[in-house]
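Data first, discussion second: the structure below is written as structure tokens.
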2 protein chains.
Amino acid sequence: MPTDLFSTYGDLLDRTARKVKQYAQRRFNAENYDITVDQWLILRNLNQNNDLNQSQLAEITEKDHPTLTRIIDLLCKKGLTERRIHPADRRSFTIHLTELGKHHVAEWSPKMAEIRMKAWENLTEEDYKSLKRILDTIYSNLDLKVEDELRIKNLHPIADS
Amino acid sequence: MPTDLFSTYGDLLDRTARKVKQYAQRRFNAENYDITVDQWLILRNLNQNNDLNQSQLAEITEKDHPTLTRIIDLLCKKGLTERRIHPADRRSFTIHLTELGKHHVAEWSPKMAEIRMKAWENLTEEDYKSLKRILDTIYSNLDLKVEDELRIKNLHPIADS
DNA sequence: CACTAATAATTATTATGCCAACAGATTTAT
DNA sequence: ATAAATCTGTTGGCATAATAATTATTAGTG
């Protein structure tokens, strides 16, 4: 396989993901929705799963724990979510939409769907399936198991020590 | 078109782009390359175009000016690049690889190619063409012209003033 | 029961992305 | 020729991301 052919897929992915995020954010702002794209992702998931702790939520949304902590902080500050102490484990919280949060999810959802569809002009359902298959394959190829992580590290013990 | 079908392409793109970046970064770190993925993108472009100013470099790499300024700052601090005053226009600099920068680009390139190929396991050249076509289409769909920006803003004049 | 492991969440640090605002240099228009 | 507009690069503010380290709590083991 010619390695040069694929030299830019990483950049291509990166710039497209940024463009999608940027477009959605501008539309949110134009509607005066006081929310970021990543915050909306969390809200949308909470609307379907309203009794998760932060670790579970982080796994579902594929955010790191520190990132999730801060997003939840912001959503709580806006009054859209709340942390409830877990009854059996005082280390953890469960995260819930407030009434205001539920209200905004319902209010904003139609526009969000419209914004999503804009990216898909001139493309087909077949294209969507291809995209999903290819991206999922790439993800799997790079989704290292713990053993792989160790292998990479041990092959190259810290050089500057 | 069923809007629900596409509800996750944004998340899919976002998480795959992050995974690619994360994987590459871990491999860089394992090799003790003192460089980030985005810094490498700039180095790679400088290696091909060694007489650009920051605006041209920003356009080629699709970074905005503040981001590029900061990346160049870091690369200069590491001694990999240098700013030269433009002879005819005192507003601008041209950016160049130093000898050390050229040395590292040559030294690191083979490993970078190997890392790139890892993501492509189980995929074909045909897949690459599909991916490129679909991502380019999405990018174009969302790449607003100035008129579109104005239209979006004027449809919804500032509500909270 | 005490000591250690592991887990949940947070904080700190560094880097990037985007927006807005700015300063200085240069071009354009009057 | 001078004022206005534009261009180039920088800085500050806020949000996100990855990693490491820290705190608090729980679980596991002898």
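Letters A, B, ... are given to chains in the order of the sequence lines, protein chains preceding strands, and every chain is numbered from 1.
For B:Gln22, a side-chain nitrogen or oxygen approaches OP1 or OP2 of D:dT19 to under 4.0 Å. Side-chain N/O atoms of A:Thr69 include one lying less than 4.0 angstrom from OP1 or OP2 on C:dT10. Dashed line: the shortest gap from a side-chain N or O of B:Gln54 to OP1 or OP2 of D:dC7 is not under 4.0 Å. Residue B:Arg26 places at least one side-chain N or O under 4.0 Å from the OP1 or OP2 atom of D:dT19. Regarding contacts with the backbone of C:dA15, every side-chain N or O of B:Gln25 stays at 4.0 angstrom or more from both OP1 and OP2. Residue A:Arg70 places none of its side-chain N or O atoms closer than 4.0 Å to OP1 or OP2 of C:dA9. Phosphate contact (OP1/OP2 of C:dA9, side-chain N/O of A:Lys63, threshold under 4.0 Å): absent. One finds no side-chain N or O of A:Thr67 lying less than 4.0 angstrom from the OP1 or OP2 phosphate oxygen of D:dA15. Considering only side-chain N and O atoms, A:Arg90 lies under 4.0 angstrom from the phosphate OP1 or OP2 of D:dT26. Of the side-chain N and O atoms in B:Arg83, one or more sit less than 4.0 angstrom from OP1 or OP2 of D:dT10. Phosphate proximity of C:dT7 to A:Ser92: absent, as no side-chain N or O sits under 4.0 Å from OP1 or OP2. Taking side-chain N and O atoms only, A:Gln56 has no distance below 4.0 Å to OP1 or OP2 of C:dA8.
For the pair B:Leu74 CG and C:dG17 P, the computed distance is 12 Å after rounding to whole Å. Atom CG in A:Leu41 sits about 14 Å away from atom C1' in D:dA15, given to the nearest Å.
Note: A:Trp120 and A:Tyr128 have perpendicular aromatic rings, judged against thresholds of 30 and 60 degrees for the angle between ring planes. B:Phe28 and B:Trp40 have perpendicular rings, their planes meeting at more than 60° on a 0 to 90° scale where under 30° would count as parallel.
With A:Asp11 as the partner, the salt bridge (Lys or Arg N to Asp or Glu O under 4.0 Å) test is satisfied by one option alone out of B:Arg116, B:Lys63, B:Arg44: B:Arg44.
A pairwise comparison of heavy atoms in A:Ile115 and A:Arg27 identifies CD1-CB, 3.3 Å as the closest pair. Here the closest non-hydrogen pair linking A:Ile35 and A:Lys78 is CA-NZ, 3.9 Å. Residues B:Leu142 and A:Lys118 come closest through the heavy atom pair CD2-CG, 3.6 Å.
Heavy-atom nearest nucleotides on DNA chain C were determined for B:Lys78 and for B:Asp64, and the one closer to the 5' end corresponds to B:Lys78.
Using a 4.0 Å heavy-atom distance criterion, A:Arg18 is classed as a sugar-phosphate-only contact. At the heavy-atom level, B:Ile71 lies under 4.0 Å from the strands shown only through sugar-phosphate atoms.
Looking at the side chain of B:Ser55, the nearest of the listed nucleotides D:dG12, D:dT25, D:dG9 is D:dG9. Proximity note for B:Pro66 (side chain, C-beta onward) versus C:dG17, D:dA24, D:dT11: the nearest is D:dT11. With C:dG17, D:dT10, D:dT16 as the choices, the nucleotide that has an atom nearest any side-chain atom of B:His65 turns out to be D:dT10.
Here C:dA5 sits opposite no nucleotide as a Watson-Crick or G-U wobble pair (both hydrogen-bonding atom distances under 3.5 Å). Across every strand in view, D:dT26 sits unpaired, with no contact that passes the Watson-Crick or G-U test at under 3.5 angstrom.
A donor-acceptor contact under 3.5 Å is formed by the side chain of A:Arg91 with the base of C:dT7.
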